[in-house]
Number of protein chains: 2
Amino acid sequence: MNSSHFSISLHILTLLDQVKGQLLNSEYIAGSINCNPVLVRKELANLHKYGFVQSKEGKGGGSTLAKNPADINLGDVYRAVKQKSLLGESKNEPNPDCPVGRQITLHLNDLYDDAETALVKNLSSKTLKDFSASFK
Amino acid sequence: MNSSHFSISLHILTLLDQVKGQLLNSEYIAGSINCNPVLVRKELANLHKYGFVQSKEGKGGGSTLAKNPADINLGDVYRAVKQKSLLGESKNEPNPDCPVGRQITLHLNDLYDDAETALVKNLSSKTLKDFSASFK
DNA sequence: CATACTGTAACTATTTTTATTACAGAACAA
DNA sequence: TTGTTCTGTAATAAAAATAGTTACAGTATG
């Protein structure tokens, strides 16, 4: 992250929950999200890697949840989807000749890890079932 | 956020704390961060807007902290620096003809606000003084 | 064997972020 | 009062990240 990986993944999972086991194909899902089907397939590949969804190839194929929605918590989804640190991840190396520059990356990482842990903990208190149930 | 606004702001504040009231100019700060001085000046302008720093124009000018580092908490810095939601903020509108697409932006925003509040609360438990003191 | 999917790669377009250039205005010091 | 060195800010350019597109091999189905 950032970008829209988490939003897209959660959108996919919510759709899959709402249709109760029915297979949805990437074009249908992309139509709901309003994005490119290939992006959906990439996101599904990642969700599959982490065991959240199952896919069936070939004609009539598509995807479905691989777990009970009550057993999918949003912190786990976040971790599966996350690609980089939420706050930091700057690419330009601070100046090693400066006492602050030399150490700040380390200290920022500690700070960010701790803050992000708090965020994930919050997300972990909610399941896909909870989230999906808020739709009417 | 994201990007490096928070990292840069915190780097600036740490430097200003370490030099104990001495004025630092944008070129010096940029040298420690290893970025462009104009970026530092923009970041300083924002920190000034929120009352964290004071600047002095003209020859011999520069910036210094406007508050006691023990009274600057990192959650406040985060809020001052933040430009967009940490998780969400997708620009393509989901499909309004889909029950999930129609409501998901709202539900994601609720989810993200709550998660981000947990993150800010974590950051708020730490002051610039604490952070700066971890440098040796 | 035609059809309709997934999975994936390669490429392009778009958007976001960062860097650069430029210059007016402020403070200082000779 | 003039040259110097800063800030503040705008406009632009470059670079990086993100999303979209095209293409196609492989797989299941009828």
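Just so you know, these numbers come straight off a predicted model, no measurement behind them.
Between the side chain of A/S4 and the main chain of A/S7, no donor-acceptor pair closer than 3.5 Å is present. For B/N73 (side chain) and B/L128 (main-chain N/O), no donor-acceptor pair under 3.5 Å exists by modelled atom type.
Across all strands, A/S26 comes closer than 4.0 Å only to sugar-phosphate atoms, never to a base (heavy-atom distances).
Rounded to whole angstrom, the span from the CG atom of A/L23 across to the P atom of D/dA28 amounts to 13 Å. Whole-Å rounding puts the B/L24 CG to D/dT5 P distance at 18 Å. Atom CG of B/L87 is separated from atom P of D/dT18 by 14 Å (rounded to the nearest Å). Atom-to-atom, CG of B/N34 to C1' of C/dT18 comes out at 12 Å; the value is rounded to the nearest Å. One can place CD of B/E43 at 14 Å from C1' of D/dG8, the figure rounded to the nearest angstrom. Separating the NZ atom of B/K42 from the C1' atom of C/dT21 is a distance of 12 Å, rounded to the nearest angstrom. One can place CD of B/E57 at 17 Å from P of D/dT5, the figure rounded to the nearest angstrom. Rounded to whole angstrom, the span from the CG atom of B/N25 across to the C1' atom of D/dT4 amounts to 14 Å.
For A/K59, the listed nucleotide lying nearest its side chain is D/dG30; candidates were D/dG30, D/dT7, C/dA9. Which of C/dT8, D/dT29, C/dT20 sits closest to the side chain of A/K56 comes down to D/dT29. Closest contact between the side chain of A/L39 and the listed nucleotides D/dT4, D/dA19, D/dT9 involves D/dA19.
At D/dT7, none of the side-chain N or O atoms of B/S55 fall inside 4.0 Å of OP1 or OP2 (strictly under the cut-off). The shortest distance between the side-chain N/O atoms of B/K84 and the OP1/OP2 oxygens of C/dT15 is not below 4.0 Å. In terms of phosphate contacts, B/S4 brings a side-chain nitrogen or oxygen within less than 4.0 Å of OP1 or OP2 of C/dT18. Considering only side-chain N and O atoms, B/N36 lies under 4.0 angstrom from the phosphate OP1 or OP2 of C/dT20.
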B/D130 and B/T127: CA distance, side-chain angles, deciding distance, side chain to side chain donor-acceptor pair (under 3.5 Å) verdict:
CA-CA 5 Å; B/D130 301 330; B/T127 68; 3.1 Å; yes
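Of the charged side-chain nitrogens involved, none lies within less than 4.0 Å of a carboxylate oxygen, so that A/K129 and A/D71 do not count as a salt-bridged pair.
Between A/P37 and A/S26, the closest heavy-atom pair is O-CB, 3.9 Å.
Nearest-nucleotide assignment on DNA chain C puts the 5′-proximal partner with A/G58, out of A/A45 and A/G58.
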